[in-house]
Colleague: 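First, the structure itself, so that you have it in front of you.
A, B, ... follow the sequence lines: proteins, then strands. Residue 1 opens every chain. On a predicted model such as this, the values are computed, not experimentally measured, just so you know.
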Number of protein chains: 2
Amino acid sequence: MTTEPAAASGPELVAGETTRLDVLTATPNNTGVDKAVAAARRVIEALLHAGDRSSAEMGAVAAQLNAVADHLEEHAGSVDERLVDMWAGEGVTRHDPITGPENAIAPPLHLAGRDDGSIGGTVALGLAYQGQPGHAHGGVSAMLLDHTLGVANAWAGKSGMTARLVLNYRRPTPLFKPLEVTGRQERTEGRKIWTTGSISVDGQVCVEAEGLFINKELPRPR
Amino acid sequence: MTTEPAAASGPELVAGETTRLDVLTATPNNTGVDKAVAAARRVIEALLHAGDRSSAEMGAVAAQLNAVADHLEEHAGSVDERLVDMWAGEGVTRHDPITGPENAIAPPLHLAGRDDGSIGGTVALGLAYQGQPGHAHGGVSAMLLDHTLGVANAWAGKSGMTARLVLNYRRPTPLFKPLEVTGRQERTEGRKIWTTGSISVDGQVCVEAEGLFINKELPRPR
């Protein structure tokens, strides 16, 4: 929903090459906040793997995490300043909850554009994304697909905000297995954009999505 | 989508009382894994507030978080054992990514049943849930609503898995403001269940959801 049209700044397509990919999501650094966020993702998942029946020292863990949060909060600027900073410049977002290397909630999903007009990426989900036993939460699938459809719009060159999203759940989406997430802008008419996508595993579709988007964006904080 | 029918074990409704609420989501403890998860949520949000332009020591933060993750991973059992443990017993889930006190991804949303048959709760979302500037990601709203519709089904006494979810986005959903999230089971026919819900702010609807659910559940790990 929020991804910038990175395609515009990508390299020219090469004639006759049908599988070349352009990355449409931010590439994580192994330094700074990205490295800290990658570690935070490990903590989120490990908390679910350990739980209260483990012998982990949860009191000490809580104290250490609160100390880290205290340090970060002491060094954070105001929310208004931060929003301006987050939305400065062009290119793909670094902070969204699906692909963002600065957001520990993001699995993260990496997406790339294909010269057939579609986009796609592969992601495996851990316990943090569980709905039914051993399977992805339907709401998590919806979240991945809403974002993927937005990135497909960016790749096609005309983006917008979600107006309507329809999700059809064909079969349960397993945790821990590589999921193929794809999207494609189907057509546009004035400010309306229609986009489809799916999540598949082992070649079988688990969830299908159809979205109607409106070609507008909220103003950036300044 | 995964909530157990806590309503079945709730107290009897009191005649003439129309506003009494029964909590349908797990209540966080201030000890053990719940306390550690609450601290992890602070870390997730503070990482987004600080970012790379802050003077926070991100290298040290990464090292501390990795040390916590190492400790937790060392004390975690196997995934299979953990899944059995997570799904043992009855009552509401503690680990889902929307309401779970053991899941740092969850905002968390707390939901309560009303004796008019609907359910609802209030939640404010931070930077971790951002889509368009200063507003909730459409996929996050979808995730909150899919789960809320599932809990509404549990409250009505007949639950299932999401087969189809339709989301209509009426206006942008702001971050940091109290959002009213509601759900209601509308009707059932055989194994089919139709359920609606919405997210509102200041009395204005931001997102509406309609879901079709099928009355079945995946087997629990044993």
Side-chain angles (χ1 to χ4, degrees), chain A residues 1-2 32-33 35-37 39-40 42-44 46-56 58 61-62 64-66 68-69 72-73 75-76 82-83 85 87 95 97 103-105 128-129 131-134 137-140 142-143 146-147 162-169 172 218 220-221, chain B residues 1-2 32-33 35-37 39-40 42-44 46-56 58 61-62 64-66 68-69 72-73 75-76 82-83 85 87 95 97 103-105 128-129 131-134 137-140 142-143 146-147 162-169 172 218 220-221:
Chain A
M1 179 173 165
T2 65
V33 70
K35 189 172 182 176
V37 165
R42 285 187 63 209
V43 171
I44 295 167
L47 282 164
L48 282 157
H49 281 265
D52 266 334
R53 293 211 189 166
S54 76
S55 52
M58 288 296 179
V61 166
Q64 288 162 36
L65 294 175
N66 276 317
V68 168
L72 291 166
E73 289 174 4
H75 291 81
R82 182 63 185 134
L83 281 171
D85 184 34
W87 291 98
H95 49 73
N103 191 331
I105 285 179
Y129 306 95
Q132 291 272 331
H137 196 288
V140 169
M143 184 169 75
D146 177 57
H147 196 82
T162 318
R164 182 178 170 88
L165 183 67
V166 180
L167 299 143
N168 284 294
Y169 295 84
L218 296 185
R220 291 181 175 219
Chain B
M1 175 171 166
T2 64
V33 70
K35 189 172 183 177
V37 164
R42 285 187 63 208
V43 171
I44 295 168
L47 283 164
L48 282 157
H49 280 266
D52 267 334
R53 292 209 189 168
S54 77
S55 53
M58 288 296 179
V61 166
Q64 287 163 35
L65 294 176
N66 276 318
V68 168
L72 291 166
E73 289 174 4
H75 290 80
R82 182 62 185 136
L83 281 170
D85 184 33
W87 291 98
H95 49 74
N103 191 332
I105 284 180
Y129 306 95
Q132 291 273 329
H137 195 289
V140 169
M143 184 170 74
D146 177 56
H147 196 83
T162 317
R164 183 178 170 88
L165 183 68
V166 180
L167 299 142
N168 284 294
Y169 295 85
L218 296 185
R220 293 183 173 217

Colleague: Can you list the residues that meet the salt bridge (charged side-chain N to carboxylate O under 4.0 Å, His left out) rule with A:R53, with sequence neighbours excluded?
Modeller: B:D85
Colleague: Tell me which of these, B:A56, B:P172, B:A76, B:A104, has more heavy-atom pairs under 4.5 Å with chain A than the rest.
Modeller: B:A56
Colleague: Using non-hydrogen atoms and a 4.5 Å limit, figure out which bit of B:R82 sits close to chain A: side chain, backbone, both or neither.
Modeller: side chain
Colleague: Among B:E73, B:Q64, B:K35, B:R42, which has the most heavy-atom pairs under 4.5 Å with chain A?
Modeller: B:R42
Colleague: Of all the heavy-atom pairs spanning B:V61 and A:A36, show the shortest one and how long it is.
Modeller: CG1-CB, 3.8 Å
Colleague: If you look at every heavy atom in B:P97 and A:V140, which pair is closest and at what distance?
Modeller: CG-CG2, 4.0 Å
Colleague: Taking all non-hydrogen atoms of both residues into account, name the closest pair between A:G139 and B:D146 and its distance.
Modeller: N-OD2, 2.9 Å
Colleague: Does B:N103 reach the main-chain N or O of A:A128 with its side chain, forming a donor-acceptor pair under 3.5 Å?
Modeller: yes
Colleague: Under a 4.5 Å cutoff for heavy-atom pairs, which residue among A:N168, A:V43, A:L165, A:L47 has the most contacts with chain B?
Modeller: A:L165
Colleague: Check each atom of B:L83 against the heavy atoms of chain A and say whether the ones under 4.5 Å are side chain, backbone, both or neither.
Modeller: side chain
Colleague: State, yes or no, whether a side-chain contact exists between B:I44 and A:I44 at a heavy-atom distance under 4.5 Å.
Modeller: yes
Colleague: Taking the side chain as every heavy atom from C-beta outward, state whether B:R164 and A:V166 have any pair of such atoms under 4.5 Å apart.
Modeller: yes
Colleague: Which heavy atom in A:H95 sits nearest to a heavy atom in B:L48, and how many Å separate them?
Modeller: CB-CD2, 3.8 Å
Colleague: Tell me every residue that passes side-chain contact (heavy atoms from CB on, under 4.5 Å) with A:A142, counting only those two or more places apart in sequence or in another chain.
Modeller: A:L167, A:Y169, B:A142
Colleague: Quick one: do B:L65 and A:L65 satisfy side chain to side chain contact (heavy atoms under 4.5 Å, CB included)? Show the steps, please.
Modeller: CA-CA 7 Å; B:L65 294 176; A:L65 294 175; 3.6 Å; yes
Colleague: Do A:M58 and B:L72 come within less than 4.5 Å of each other through their side chains, counting heavy atoms only?
Modeller: yes
Colleague: B:H147 versus A:H137: any side-chain heavy-atom pair under 4.5 Å?
Modeller: yes
Colleague: Any side-chain to backbone donor/acceptor pair from A:N66 onto B:A39? Under 3.5 Å, distance only.
Modeller: no
